[in-house]
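All residue numbers in this chain count up from 1 along the given sequence. Please read all numbers here as calculations on a predicted model, not as lab measurements.
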Amino acid sequence: QDKEKLEIRKLNDPPSAETVRDMIKYARNVIEEFRRAKHYKYILCLTLTPPACELLEICELSLDKMSAVFEDSNVYMLHMMYQAMGVCLYVQDWEGALRYGQKIIRPYSKHYPSYSLNVASMWLKLGRLYMALENRTAGVKALKRAIAIMEVAHGKDHPYISEIKKELEDH
């Protein structure tokens, strides 16, 4: 699956091997830079919004640059989209978080095994975001997909599953 995970954008003039290598190096560096920035910003300014905005800007700028070479399903793109989604959740930008989550779910479903809790977790987040944004139909569908995976991974009687089913009943 490495070829799928490191998918390069299909262009009329494909990027050179050197360009791809440089972009992978850039991606690794920006991921490390983001980790450091996230660590320090959250420790120093836990309650202030601007640091989170700076973190989102790091994500968006790197996604823009990487998208010239990488497909959205590329693991480096997915990593930064996931981080951007997390920042959006942190600042309660539900629409922004949903946009990133919608871009992430299909590649996650392709890259991870059928009953991966990473995929279930993403469906759960999407379901809750849809519900918060009053799109009940999409929310129920996403939460049911999360439940289906979790029932296999955890077993049908797991407390997480009961909790999600109760959420569905309450909406």
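Counting only residues at least two apart or in different chains, salt bridge (Lys or Arg N to Asp or Glu O under 4.0 Å) contacts with residues 116-133 comprise Arg128-Glu163, Arg128-Glu167. Within the structure, salt bridge (Lys or Arg N to Asp or Glu O under 4.0 Å) pairs that include any residue of residues 134-149 do not occur (at least two apart or interchain). Among residues at least two apart or in separate chains, there is no salt bridge (Lys or Arg N to Asp or Glu O under 4.0 Å) pair with a member in residues 80-96. Applying the salt bridge (Lys or Arg N to Asp or Glu O under 4.0 Å) test to residues at least two apart or on different chains, none of the pairs has a partner in residues 114-123.
A 6.0 Å sphere centred on CG of Asp170 holds more than 12 heavy atoms belonging to other residues, nucleotides or ligands.
Listed by chain and number, the hydrophobic cluster partners of Leu61 come to none, as no ILVMFWY side chain reaches under 4.5 Å of it. Listed by chain and number, the hydrophobic cluster partners of Ile161 are Leu117, Leu124, Met131, Val140, Leu143, Ile147, Met150, Tyr160, Ile164, Leu168, where partners are ILVMFWY side chains within reach of under 4.5 Å, directly or through others.
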* Test side chain to side chain contact (heavy atoms under 4.5 Å, CB included) on Val69 and Asn74 and set out the steps. => CA-CA 10 Å; Val69 176; Asn74 183 292; over 6 Å; no
* Give the C-alpha distance, both sets of side-chain angles, the deciding distance and a yes or no for side chain to side chain contact (heavy atoms under 4.5 Å, CB included) between Tyr90 and Leu56. => CA-CA 11 Å; Tyr90 180 76; Leu56 188 56; over 6 Å; no
* To do: Could you walk me through whether Leu6 and Phe70 pass side chain to side chain contact (heavy atoms under 4.5 Å, CB included), step by step?
  => CA-CA 8 Å; Leu6 295 174; Phe70 297 150; over 6 Å; no
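Minimum interatomic distance between Leu78 and Ile104 (heavy atoms only, all atoms of both residues): CD2-CA, 4.0 Å. Here the closest non-hydrogen pair linking Ala68 and Leu11 is O-CD1, 3.8 Å. Closest heavy-atom contact between Tyr130 and Ala142: CD1-CB, 4.3 Å. Shown here for Ala97 and Cys88, the closest heavy-atom pair between the two residues is N-CB, 3.5 Å.
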List the atom pairs, donor and acceptor, that lie under 3.5 Å between side-chain atoms in residues 23-32 and the rest of the protein, sequence neighbours left out.
residue	atom	partner	partner atom	Å
Arg28	NE	Tyr76	OH	3.0
Arg28	NH2	Tyr76	OH	3.2
Asn29	ND2	Lys25	O	3.3

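Each of Glu151, His158, Lys156 was scored for a side-chain contact (heavy atoms from CB on, under 4.5 Å) with His154, with one residue passing: His158.
Here Val119 pairs with Ile105, Tyr108, Ser109, Tyr112, Ser116, Trp123, Ile149 under the side chain to side chain contact (heavy atoms under 4.5 Å, CB included) rule; sequence neighbours left out. For Glu7, the side-chain hydrogen bond (donor to acceptor under 3.5 Å, both in side chains) partners at least two apart in sequence or on another chain are Lys10, Ser73. Remark: Asp72 pairs with Arg9, Met77, Met81, Lys103 by the side chain to side chain contact (heavy atoms under 4.5 Å, CB included) rule, at least two apart or across chains. Contacts of Tyr82 classified as ring pair (Phe, Tyr, Trp, His ring centres under 6.0 Å), with partners at least two apart in sequence or in another chain: none. Contacts of Ser16 classified as side-chain hydrogen bond (donor to acceptor under 3.5 Å, both in side chains), with partners at least two apart in sequence or in another chain: Thr19.
Note that CG of Leu129 and CE of Met122 are 9.5 Å apart. Values are rounded to the nearest 0.5 Å. To the nearest 0.5 Å, atom CG of residue Leu98 and atom CG of residue Leu89 are 10.0 Å apart. Separating the CD atom in Glu71 from the CE atom in Met66 is a distance of 13.0 Å, to the nearest 0.5 Å. Rounded to the nearest 0.5 Å, atoms SG (Cys59) and CE (Met80) are 3.5 Å apart. Note that the CH2 atom of Trp94 and the CG atom of Leu133 stand 9.0 Å from one another [nearest 0.5 Å].
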